[in-house]
Amino acid sequence: SAVISQKPSRDICQRGTSLTIQCQVDSQVTMMFWYRQQPGQSLTLIATANQGSEATYESGFVIDKFPISRPNLTFSTLTVSNMSPEDSSIYLCSVVTGVGPYGYTFGSGTRLTVV
Amino acid sequence: GEDVEQSLFLSVREGDSSVINCTYTDSSSTYLYWYKQEPGAGLQLLTYIFSNMDMKQDQRLTVLLNKKDKHLSLRIADTQTGDSAIYFCAEEVTGGFKTIFGAGTRLFVKA
């Protein structure tokens, strides 16, 4: 299965600033996904990023707040813009691997704390 | 809308069996998954079951699917301290490429 390198692993940021999270995959993948994981809550899909097209955002998430880049088939970034304490969470990137059951491979996550 | 529910905590003694339960809402789900998340790590796909199956066994793991009740369970035999983690149930909704996750069950294994 694919191996994903995600960074930074954690950060503490001031409110009003922005943080860009990077995900590098060791193989070419068509679709990359960005999730948010809040304590005691399920993973929430933020957006799906396809190479060469605009990301598709889920309800409740907008491009101005979470701009995504997907410059090639192995790399993607998610930016958390104009951060507030409510954005404190773990952010995970993932890719679909295998044929048939679309099990995901996840990066190790970025633990973001906004103060 | 789609929803996946699971209890938040489970505590077992080392050597006992653990059973983690999950309910889901999309009756047309094709695949259902169990993921494991260890501290500081991303989610790791443990096992999956196709919706036309009612049981799948993989070494110490047994997955049971009751499609009528939309109930999925993961049984871990001979639970070890290394099994302590958060276990996420997930369903793939119709059309693929969209997976709904539960909130995760934190499994504590007492030595």
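Because the structure is predicted, anything quoted here is derived from the model rather than measured. Proteins get letters first, then strands, A, B, ... in listed order; numbering begins at 1 in each.
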Six-ring centre of Tyr48(B), Lys56(B) cation under 6.0 angstrom, axis tolerance 45°: yes
Heavy-atom contact with chain B under 4.5 Å, split by part of Leu43(A): both
Under the side chain to side chain contact (heavy atoms under 4.5 Å, CB included) test, residues paired with Arg106(B) that sit two or more places apart: Phe9(B), Ile86(B), Phe108(B)
Pairwise salt bridge (Lys or Arg N to Asp or Glu O under 4.0 Å) hits with a residue in residues 15-42 of chain A, at least two apart: none
Tyr31(B) and Phe50(B) aromatic ring geometry - parallel, tilted or perpendicular at 30°/60° bounds: tilted
Heavy-atom side-chain contact between Cys22(B) and His71(B) under 4.5 Å: no
Chain B contact via Gln6(A) - which portion, at a heavy-atom distance below 4.5 Å: neither
Contact origin within Leu43(B) toward chain A - heavy atom pairs under 4.5 Å: both
Part of Gln37(B) within contact of chain A (heavy atom distance under 4.5 Å): side chain
Part of Glu58(A) lying under 4.5 Å from any heavy atom of chain B: side chain
